[in-house]
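The sequence lines fix the lettering, A, B, ..., with proteins before strands; numbering per chain opens at 1.
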Protein chains: 2
Amino acid sequence: MSFVQPSLSSDGTKRTFSERQEFMTEDMPASMHFHVVAGGARLFKSLPDGRRQIIGFAHKGDVLPAYPCTRYHYSAEAMRTLQVVCVPAPYMSHLHETSPGACAASLNSARQLLVSLHSRLLMLGRQTARERLATFLLGQGTRMGSSELWPVDPAISRADMADFLGLTTETVSRLLSAFHRERLISRERRAIHILDPDRLRAIVAHSE
Amino acid sequence: MSFVQPSLSSDGTKRTFSERQEFMTEDMPASMHFHVVAGGARLFKSLPDGRRQIIGFAHKGDVLPAYPCTRYHYSAEAMRTLQVVCVPAPYMSHLHETSPGACAASLNSARQLLVSLHSRLLMLGRQTARERLATFLLGQGTRMGSSELWPVDPAISRADMADFLGLTTETVSRLLSAFHRERLISRERRAIHILDPDRLRAIVAHSE
DNA sequence: CGAAACCTTGACAGAGTTCAATAGGTGTGG
DNA sequence: CCACACCTATTGAACTCTGTCAAGGTTTCG
């Protein structure tokens with residue numbers, strides 16, 4: 001999730017959470033915005049029976065805003081040691097009301113999020129498991145716009161991928177094995193490297 | 001989609017589109033925001049092979065913003081005779097930069113959209129066909145927050161529901177028949193009325 | 001009234017899930 | 001440093017929900 005916003009780190013209180021700690025839950029009053037300074041977090045919604053959908057991942061620089069609701073509407077959990085700066089919601093609102101620049105920046109990042117969520121609706125609603133996984137791998141690999149291909153963050157487990165893609169861990173595992181067999185990716189340890197981005201892109205677009 | 005914003009109707013050019021007219025496509029330069037004055041539209045993304053995912057529906061008062069991209073990233077089609085006011089993107093930007101109120105209003109509606117999209121990710125990724133349809137019917141029935149139950153807009157076809165819910169028309173049809181048999185809804189002509197919202201809610205939440 | 005579009009229903013197929021067993025990796029304590 | 005336990009990942013086999021294909025039925029509208 002890229003909800004990047006400039007320099008909030010100077011205000012607010014800094015807090016640190018340990019791996020797996022759920023620092024934001026759906027039933028918690030939404031009083032703070034969290035600005036991620038270091039580490040990573042998974043953001044998710046869950047159903048009462050435990051089914052989980054990962055909304056996105058937050059990395060350094062992202063802001064998890066308290067939306068204009070009384071409670072948060074999703075949960076967030078540290079994927080590894082996580083440092084955030086907590087900004088009180090009223091402070092943010094004040095900033096938005098007085099500084100058009102700050103507000104425009106927030107609006108801009110909210111809209112970029114909307115664009116990516118629209119694509120994910122299409123993915124979850126209409127793409128096959130194979131297409132979804134290929135999309136995910138490419139998204140991870142080309143994250144932050146650099147042309148270089150990054151490996152998938154090893155902190156992202158099969159369960160995370162499954163919950164992100166609306167699949168089961170078994171399906172993800174089987175598809176990764178298939179991709180490996182087809183020499184599209186390599187797997188060493190838990191790290192996944194993209195070997196053939198072009199053919200992955202073909203899988204995504206081969207929805208002709 | 002509730003992207004409500006106050007009084008833009010006074011500026012910009014008014015335009016009218018006829019039923020089924022696609023007035024905004026994914027490959028069109030994003031130069032205008034459309035403010036819906038009357039009628040309704042379906043907003044969707046599609047894959048090259050024709051698979052379609054409906055992002056949402058736009059009604060009177062909603063604004064379809066040109067996101068900060070060079071092209072629109074979804075298409076929009078009139079569901080019936082549609083009147084919109086076109087606001088040039090640069091004009092909107094200018095407004096946002098100078099009036100904190102206008103920007104805050106846009107931010108607020110963008111964030112409300114984000115909240116609803118997060119729920120739809122959970123729906124498309126993790127809910128069964130039955131749960132999705134129940135959610136959809138309740139969403140239609142209780143739209144605009146009034147406690148009264150509205151019938152589903154007859155302009156929404158089975159294909160629309162299917163493309164909104166990530167299903168096929170056949171599945172939607174079968175489930176509607178099942179709901180009818182269970183006396184959860186009534187069907188007269190093309191109109192669908194909710195008879196038993198409580199049991200529909202139970203279907204949605206019975207994900208225990 | 002008749003044609004076209006839309007909707008419903010059935011029979012069958014298949015992608016992905018579920019259940020279950022095995023393998024691999026990681027960390028801890030002796 | 002090995003052994004054990006635990007957690008995660010992989011693989012297989014059976015099943016099931018939803019999709020696909022096909023045939024009628026219904027509504028709408030010229």
Worksheet entry | Short N-O contact, R42(A) and D160(A), less than 4.0 angstrom |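 Judged by the 4.0 Å cut-off on N to carboxylate O distance, R42(A) and D160(A) do form a salt bridge.
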
Discussion item. Closer than 4.0 angstrom, basic N to acidic O: yes or no for D163(A) and R158(A)?
Written reply: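 No, this pair does not count.
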
Fill in: Heavy atoms of other groups near R15(B) CZ, more than 12 under 6.0 Å
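Check fails, neighbour count at 12 or below.
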
Need one value for [X]: base, sugar-phosphate or nothing, where a base atom within 4.0 Å counts as base even if backbone is also close, heavy atoms only.
X: T171(A); result: base
X: R130(B); result: nothing
X: R174(A); result: base
X: R20(A); result: sugar-phosphate
X: S173(B); result: base
X: R187(B); result: sugar-phosphate

In whole angstroms, how far is the [atom2] atom of [N] from the [atom1] atom of [X]?
X: I156(A); N: dT8(D); atom1: CD1; atom2: P; answer: 15 Å
X: D163(A); N: dA9(D); atom1: CG; atom2: P; answer: 12 Å
X: R158(A); N: dT11(D); atom1: CZ; atom2: P; answer: 10 Å
X: E188(A); N: dG24(C); atom1: CD; atom2: C1'; answer: 16 Å
X: R51(B); N: dT18(D); atom1: CZ; atom2: C1'; answer: 15 Å
X: E131(B); N: dT18(D); atom1: CD; atom2: P; answer: 9 Å
X: L133(B); N: dT8(C); atom1: CG; atom2: C1'; answer: 15 Å
X: I192(B); N: dT26(D); atom1: CD1; atom2: P; answer: 17 Å

Worksheet item: Among dT10(D), dG19(D), dA9(D), which nucleotide sits nearest the side chain of L167(B)?
Response: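 When the side chain of L167(B) is considered, dG19(D) is the closest of dT10(D), dG19(D), dA9(D).
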
Worksheet entry | 5′-ward residue of the pair E170(A)/T128(A) relative to DNA chain C |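 Its nucleotide being nearer the 5' end, the pick is T128(A).
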
Discussion item. Classify the ring geometry of Y67(A) against H73(A): parallel below 30°, tilted from 30° to 60°, perpendicular beyond 60°.
Written reply: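 Geometry flag for H73(A) against Y67(A): perpendicular rings.
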
Does [N] have OP1 or OP2 sitting under 4.0 Å from an N or O in the side chain of [X]?
X: S177(B); N: dT9(C); answer: yes
X: T169(B); N: dT8(C); answer: no
X: R190(A); N: dT8(D); answer: no
X: R189(A); N: dG25(C); answer: no

Worksheet item: Does the R52(B) side chain pair with the main chain of L122(A), one donor and one acceptor, at a distance under 3.5 Å?
Response: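 No: the side chain of R52(B) does not pair with the backbone of L122(A).
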
Practice prompt. Take V172(A) and R126(A), find for each the nucleotide of DNA chain D with the closest heavy atom, and name the residue whose nucleotide sits nearer the 5' end.
Written response: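 Whichever sits nearer the 5' end wins; that is V172(A).
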
Practice prompt. Measure the shortest side-chain to side-chain distance between M92(B) and S106(B) over non-hydrogen atoms and say whether it is less than 4.5 angstrom.
Written response: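 With C-beta onward as the side chain, the pair touches.
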
